[in-house]
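In what follows, a structure is listed as C-alpha cells, so that the remarks can point back to it.
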There are 2 protein chains.
Amino acid sequence: MEASSIPQPVIHRLPKYLVHIQELREDGVAWASSQDIADALGLTPSTVRQDLSHIDLRGISKKGYETSQLEAELRLVLGADIRHRVVIVGAGHLGRSLAMHGAFPQRGFEICCLFDKDPSVVGRKFGTVDVMSIDSMGEVARDKKIDIGLIAVPSHAAQEVADALVAVGIRAILNLAYKHIQVPEGVHVVDARIMESLQELAFALRNDG
Amino acid sequence: MEASSIPQPVIHRLPKYLVHIQELREDGVAWASSQDIADALGLTPSTVRQDLSHIDLRGISKKGYETSQLEAELRLVLGADIRHRVVIVGAGHLGRSLAMHGAFPQRGFEICCLFDKDPSVVGRKFGTVDVMSIDSMGEVARDKKIDIGLIAVPSHAAQEVADALVAVGIRAILNLAYKHIQVPEGVHVVDARIMESLQELAFALRNDG
DNA sequence: TAGATTGTTAATCGATTAACAATC
DNA sequence: TAGATTGTTAATCGATTAACAATC
C-alpha cells in the first residue's frame, strides 16, 4: 500500500474520481458503488475497485463507498490539502489567462508569479499576479518556496525555460508548450498540450467514415 | 494497415513524433534513426519502430527514416493537411486566450466562433473571433460546417454544453472543463484538463521523499 | 434471510521490449 | 566488406476484466 507504488494509469485516474466524488457530495449523495462510479466515468466496476484498493479505504457490501470518506482519502493521497506554490513562465495569452483563472487557487494551487523576458510586460499585473523578469526567477523560487513551474512559452523556448526551472530547484513541471522537454532524473514532467489533443481529434475524425 | 486499427497509445504518440520531426526538418536534418527519435522523446527504439510500422513508410538500414517523408506521412495520417473548423464554447479567460492563440490557425485549426450565454460579452471580439450567443450555435455549426467543439465553461455547465454540441451535429469534442462528460456512441471526446495534470504533479511531489 | 456489493485472486488482453534475420 | 539499422516475430511485462468467496 506504499503510495508511490501506485501504477501510473491509476494515478492518472485518481483526480477523475476526486472530481466526481466532490460533485456527488455537493449533490448530497452519501454513498456510491463501484458500478455507480464506473458508469459516471466510463470505466468498469472492476477497474474502480482495483483502483480504490490502492488507497486506504474500505467499502461496505451492499452500499458501496462513503463519499465523504472517499473524498477525504483521495484529497490526502493526491496532496490536495497541501497548498502548492506555482509560477508560470510566459506571460502571453495563455499564461495570462491561467494567472487569472480562479479555479487554481480554489484547489490549492497558488499562482505566485508570472515570468517573462519581454521588458514591456514586466511590471504589469494580470488578475492578482505580477509579471517579473525571468532573471529574477532564482530569487523568487527560493524566497517563495515554489513547488511547480508551468511552461507557457513558444515551443522553441521551452527547453531553455525547463533548464532554468530545474536550475533554480523546481522539481515539478507542467509543460504546455508544443515540444517534448528533457529533464534530469528526479524532475517530474506532465505534458498538457491542447494542440496534441486537437490533433488526436483530427485523427479520429479522419478515420470515421 | 487500416488506419483506424492503430492502437490508442500509438495514436497518442503520433502527434509527438510530428512535432519532433518538424523541428528536425527546420534544423535541416534529413535522416533520423529510431534511436535518435527515441532519445528525443523518451521512448525506446523498439517502440518507435513498432509505432512507425503502422504508417505507410519504409526506413532504410543504416540511415533511418527520411524526415521529409516521415513528416509528410504523419501529416497525412493525422489529418494535419485538412483544415478543421473549431468553435469554442465559453468566452471566459481561457476561451478568450485560446481564441487569440496564433498556433491553432497555423496548424490548421481555424477558430470560427466563440459562444457565450452572457449577453454582456456577446458581440465582443477577441483577436479575430466574434463572440456570439449560444442560442445561435445550431445555425453557425451548420453554415460554417464546424468539425470540432471546445468546451471552456465552468464544470457545472460542461455536460449541458456537450449535449448542445452533440445536438447540433458536432462529433469531436475537446473538453477543458474539470468534469467527465457523457456523450453518445460515435462522438469523440478528448480531455485536456490542466487541473488534473497539476494534481498528478502534486501527487508526484507528495511521494518524493 | 436473501441479495447486493465488496476485496482479491486468477484469467485475459494488449502494449512494450527484446531479439534477430534481412538489408542497405 | 563490415557494421548499423531496419521490420517483424516472439517474449515479457503490466493493466484490465472476470469471477467468486466473504460479508454487510
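Side chains are part of it too, since the values below use all heavy atoms of this structure and drop only hydrogens, waters and symmetry mates.
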Sugar-phosphate, base or nothing in reach of A/Ser46, heavy atoms under 4.0 Å: base

Inter-residue atom distance B/Ile60.CD1 - B/Glu66.CD, 0.5 Å rounding: 7.0 Å

Closest listed nucleotide, where the reference is the side chain of B/Lys62 and the choices are D/dA2, D/dT17, D/dT6: D/dA2

For atom CG of B/Asp39 and atom P of D/dT5, their distance in whole Å: 11 Å

Candidate nucleotides D/dT6, C/dG7, D/dT16, ranked by approach to the side chain of A/Tyr65 - the nearest: C/dG7

Separation of D/dA4 P from B/Trp31 CH2 (nearest whole Å): 18 Å

Shortest side-chain distance from A/Ser61, nucleotide among C/dT23, D/dG7, D/dC24: D/dC24

Atom-pair distance (CZ on B/Arg58; P on D/dT8), nearest Å: 5 Å

Gap between atoms CG and C1', on A/Asp51 and D/dA15 respectively (whole Å): 10 Å

Strand partner of C/dG3, provided both Watson-Crick or wobble distances fall under 3.5 Å: D/dC24

Under 3.5 Å on both distances, the Watson-Crick or G-U partner of D/dA18: C/dT9

Short side-chain N/O contact to D/dG7 OP1/OP2 from B/Ser53, under 4.0 Å: no

Nucleotide C/dA15, atom P - distance to CG of B/Leu52 in whole Å: 16 Å

Proximity to the side chain of A/Gln50 - top-ranked nucleotide from D/dA15, C/dT9, D/dG7: C/dT9

Residue whose nearest DNA chain D nucleotide is more 5′ - A/Pro9 or A/Gly59: A/Pro9

B/His188 atom NE2, neighbour heavy-atom count above 12 within 6.0 Å: yes

d(CD1, B/Ile37; P, C/dT16) in whole Å: 16 Å

Proximal nucleotide (of C/dC20, D/dA19, D/dT23) relative to the B/Arg49 side chain: C/dC20

Any side-chain heavy-atom pair of B/Leu165 and B/Ile146 under 4.5 Å: no

Phosphate-side-chain proximity, B/Arg13 and C/dA15, N/O vs OP1/OP2 below 4.0 Å: no

Nearest to side-chain heavy atoms of B/Ile60, which nucleotide of C/dA2, D/dT6, C/dC24: C/dC24

Donor-acceptor under 3.5 Å (A/Thr44 side chain, A/Thr47 main chain): yes

Side chain to side chain, A/Leu198 and B/Val190, heavy atoms closer than 4.5 Å: no

Euclidean distance, atom CD of residue A/Gln8 to atom P of D/dC13 [Å, nearest integer]: 19 Å

side-chain N/O A/Thr47 vs D/dT17 OP1/OP2, d < 4.0 Å: yes

Euclidean distance, atom CG of residue B/Leu70 to atom P of D/dT5 [Å, nearest integer]: 16 Å

From B/His156 atom NE2 to A/Glu23 atom CD, the distance as rounded to the nearest 0.5 Å: 11.0 Å

